[in-house]
Protein chains: 2
Amino acid sequence: MPTLTEVARHAGVTPATVSNVLRNRGRVGETTRQRVLEAVEALGYRPHLAARALAEGRAPTLALMVSSIANPFYPEFALAVERAARTSGHFVIICNTNEDPHTGRAYLDQIAGTLSEGVLVTNANLDFADLHTTEARGTPVVLCMWERPHEPPGLPCVAVDFRLAGELAATHLLELGHRRIGAIVGSKASGIHAARYEGFVSALRAADAPKNRVKHALDTIQGGYDATRALLEADPKITAIFATNDLPALGAMHAAADLGLNVPGDLSVIGITDIQLARESRPALTTVAVPTVEVAGLAVSLLRELIESSYGQAGKTAGQETACVPMRISSPPELVVRASTGVPRSR
Amino acid sequence: MPTLTEVARHAGVTPATVSNVLRNRGRVGETTRQRVLEAVEALGYRPHLAARALAEGRAPTLALMVSSIANPFYPEFALAVERAARTSGHFVIICNTNEDPHTGRAYLDQIAGTLSEGVLVTNANLDFADLHTTEARGTPVVLCMWERPHEPPGLPCVAVDFRLAGELAATHLLELGHRRIGAIVGSKASGIHAARYEGFVSALRAADAPKNRVKHALDTIQGGYDATRALLEADPKITAIFATNDLPALGAMHAAADLGLNVPGDLSVIGITDIQLARESRPALTTVAVPTVEVAGLAVSLLRELIESSYGQAGKTAGQETACVPMRISSPPELVVRASTGVPRSR
DNA sequence: ATGAAAGCGCTAACAA
DNA sequence: TTGTTAGCGCTTTCAT
């Protein structure tokens, strides 16, 4: 691999000039510029990104923390992030924490600030303390899917109004005429899906609908499957299932199929997110869509800004502490009516 | 961020010693070692990976070229690669070429050899010429899913016997009693799925089964959907569909549902790969499983070996050209019988 | 067992 | 407009 210096020698100029030509910095004469470009071409020169990173004090990569492969949402999101990142010349390093905060910290320790100049976090399965540490060391961090626009997490984030998502789902079911609705919350009671369920419940209350049954479950198809069977066993008259995520909703449809229930005739099912699978299931899943691509874009651009300003304020003493933590809010979730919901018919 | 030098000063030693302690190189006295470790701890030192990469002349990352988000197989594979890579301390940079060879080359030009010391390729949608160029510049390349163990591609690779996969699928269908089988080939005639179809056809021929109908289609659910409708229109008596990939197979099931056909009663469906979705569809998809995780592991370890030996032979003159191109063969694909195939019943 | 010094490939003041 | 001179943070001979 030829180096900058070799190119310079080949073109009869100094390394600095070549550097300037390559990055359109500083004034360079047209003739030398040509000579340099030819030399680059002739030698097949490619800049050494690690060297550049060291010299510039910044690396052209972003780290993306994902929790696992289990939920197909993450890969989908990862690709959206990759595209957004490329527009600013960033590469994305995928950091699979495997649901393990320890692994997450190991990643942060290793690459934050050295191989990558910013961190994107797709779920809260990391110690916030670790994230704060990373931030304090000078590497900006952005949370990608904060669920409560009105309760900032204390870290820069992109928020999605998941409470509204829950409301929209409930309203849709109510408008169809459902009164007995079972809810599947894809996490512990106080977990990341709480806002969705709150929105759901509040819409029910606003409509004077009877109290619904709830079941907490793993955020997986299987989790939704089991929860649905439990729910229907507890109350066979349930006509609709609301799940706080698409995966459990899909599981609910599977359960219905195994119980010989027609969807949506006997049982309506609605989820939240609108992952690819939702479009591709049979019947296609009605869901409340979260603007995934937009979120990825917002997260990357926010991170970019933070990165820039972090270099800007280098050297300044503290006092920035009090500056408010930035938050971007995505456009609101939207109901996508497909084939899994309909008017209830008695059975 | 504290540097090595600061740690050294803090511990009252030289940078070289700290470096030695940190990497267990060279002999270091037990007492100094302790002192250094304490300093590292006290300062919260983290090695700067870009700096290390420059000094060592190698970066601790691998590039993974994927073609797009459309096929959920790639993200699945990406996570498997990430896990395998981590065992050797490598980070994975995800390079989404978006089916565009031009983007692919841009990635190769930028990061191969500078930010990453090896390249993993998951599909052939890149110019082989570009890959050879990358290799020639000194960065090893490994193809992850070569489909013909008996026809080496001229590049290091992990091969999967996809011909056998096609045979297994056909045999399964034949054993169930199917004679009129429609095939969906998820690419152009000469494309990457050709081997699968060849295997399928040869098994049919070996069993003296009648010639089957074929339809080429996009390697997507929609592609399989359309192809199935076309196939059934051309010959309504078809009792089974073989698709060269799971996604089109899933599309076939959707088509059956829309046509009021029961799967597997009226129509059996079988795919190849065994992606997560195959397990999670209703009915669950019978498919020929490809050992994805194993392939990822083999690919990473082969790449690792190539990387090591490329540093080893640094300085040697040419002549290695004649050395054979290494190929790893995964364990054979295996039939996974689920609910989408069964004995044909006349209709 | 530890230190001194050179350099990886590039960028960034500052000179000329 | 171009060249000079220092590093960036780390590794690595080679001395001591």
Side-chain angles (χ1 to χ4, degrees), chain A residues 1-37 39-40 43-60 89 110-115 117 137-139 311 314-315, chain B residues 1-37 39-40 43-60 110-115 117 137-138 311 314-315:
Chain A
M1 297 276 280
T3 71
L4 222 203
T5 312
E6 286 167 15
V7 173
R9 190 160 40 225
H10 194 93
V13 296
T14 64
T17 303
V18 177
S19 176
N20 283 332
V21 168
L22 259 30
R23 311 182 311 120
N24 298 312
R25 292 281 255 290
R27 275 142 298 277
V28 188
E30 189 48 40
T31 65
T32 24
R33 142 175 257 93
Q34 283 308 329
R35 216 141 26 91
V36 168
L37 257 21
V40 165
L43 269 47
Y45 167 79
R46 300 284 175 270
H48 195 295
L49 263 38
R52 181 177 281 180
L54 181 57
E56 287 185 328
R58 57 185 301 178
Q110 287 197 76
I111 72 177
T114 67
L115 254 196
E117 57 176 349
R137 286 203 189 109
T139 306
Y311 291 124
Chain B
M1 296 278 282
T3 72
L4 221 202
T5 311
E6 286 166 15
V7 173
R9 192 160 39 225
H10 194 93
V13 297
T14 64
T17 302
V18 177
S19 177
N20 282 333
V21 169
L22 258 30
R23 346 209 349 279
N24 297 312
R25 292 283 252 289
R27 274 141 298 278
V28 188
E30 189 49 39
T31 65
T32 25
R33 141 175 257 91
Q34 282 310 327
R35 217 144 24 94
V36 168
L37 259 20
V40 165
L43 269 47
Y45 167 79
R46 301 283 175 273
H48 193 295
L49 263 39
R52 181 176 280 180
L54 180 57
E56 287 185 329
R58 59 186 298 178
Q110 287 197 76
I111 72 176
T114 67
L115 252 195
E117 58 176 349
R137 287 202 189 110
Y311 291 123

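Reminder, nothing fancy here: chain letters follow the sequence lines and each chain counts from 1.
- At the phosphate of D/dT11, OP1 or OP2 sits under 4.0 Å from a side-chain N or O atom of B/Ser19.
- B/Thr3 comes within contact range of the sugar-phosphate backbone alone, with a heavy-atom separation under 4.0 Å but no base atom that close.
- A pairwise comparison of heavy atoms in A/Tyr45 and A/Thr3 identifies CE1-C, 3.6 Å as the closest pair.
- Atom C1' of nucleotide C/dC8 and atom CD of B/Glu117 are separated by 15 Å, given to the nearest angstrom.
- Residue A/Arg33 holds its CZ atom at 5.5 Å from CG of A/Asn24, rounded to the nearest 0.5 Å.
- In the set C/dG3, C/dT11, D/dT11, the nucleotide with an atom closest to the side chain of A/Pro15 is C/dT11.
- The phosphate of D/dT1 (OP1 or OP2) has no side-chain N or O of A/Thr17 nearer than 4.0 angstrom.
- Using a 4.0 Å heavy-atom criterion, one finds that A/Arg27 contacts the bases of the nucleic acid, with or without backbone contacts as well.
- An OP1 or OP2 oxygen of C/dG9 is reached within less than 4.0 angstrom by no side-chain nitrogen or oxygen of A/Arg46.
- Counting to the nearest Å, the P atom of C/dC8 and the OH atom of B/Tyr311 are 16 Å from each other.
- Contact between the side-chain N/O atoms of A/Arg25 and the OP1/OP2 oxygens of C/dT11 is not found at any separation under 4.0 Å.
- In this structure, B/Thr14 and A/Leu4 both approach DNA chain C, and ranking their closest nucleotides by distance from the 5' end singles out B/Thr14.
- Whole-Å rounding puts the A/Asn20 CG to C/dA12 P distance at 9 Å.
- When rounded to the nearest whole Å, the span between CZ of B/Arg58 and C1' of D/dG9 equals 18 Å.
- Rounded to whole Å, atom C1' of D/dT1 lies 13 Å from atom CD of A/Glu30.
- If you check every strand for non-hydrogen atoms under 4.0 Å, A/Thr32 touches sugar and phosphate atoms only.
- Atom CD1 of A/Ile111 and atom NE2 of B/His48 lie 12.5 Å apart (nearest 0.5 Å).
- Each of D/dC10, D/dG3, C/dC10 was ranked by its minimum atom distance to the side chain of A/His48; first place goes to C/dC10.
- What separates CZ of A/Arg9 from C1' of C/dG9 is a distance of 13 Å, to the nearest Å.
- Of the candidate nucleotides D/dC10, C/dC10, C/dG3, D/dC10 has the atom lying nearest to any side-chain atom of B/Pro47.
- Distance check, rounded to the nearest 0.5 Å: CD of B/Glu56 to CZ of B/Arg23 gives 5.0 Å.
- Put simply, the side chain of A/Thr32 does not reach to within 4.5 Å of the side chain of A/Val21, judged on heavy atoms.
- Between A/Met1 and B/Gly12, the residue anchored nearer the 5' end of DNA chain C, judged by the nucleotide with its closest heavy atom, is B/Gly12.
- Atoms CD (A/Gln34) and P (D/dT2) sit 12 Å apart, rounded to a whole Å.
- For C/dA1, neither phosphate oxygen OP1 nor OP2 lies less than 4.0 angstrom from any side-chain nitrogen or oxygen of B/Arg33.
- Within 4.0 Å of A/Gly57, counting heavy atoms only, lies no atom of the nucleic acid at all.
- Among C/dA4, C/dT11, D/dG9, the nucleotide with an atom closest to any side-chain atom of B/Leu54 is D/dG9.
- Atom CG in A/Leu115 sits about 13 Å away from atom C1' in D/dG9, given to the nearest Å.
- Side-chain nitrogen and oxygen atoms of B/Arg52 include none within less than 4.0 Å of the OP1 or OP2 phosphate oxygen of D/dG9.
- Note that CG of B/Asn20 is 9.0 Å distant from CZ of B/Arg27, once rounded to the nearest 0.5 Å.
- Residue B/Glu56 places its side chain closer to D/dT12 than to any other of D/dG9, C/dG9, D/dT12.
- Positionally, the nearest nucleotide of DNA chain D for A/Ala16 lies more toward the 5' end than for the other of A/Ala55 and A/Ala16.
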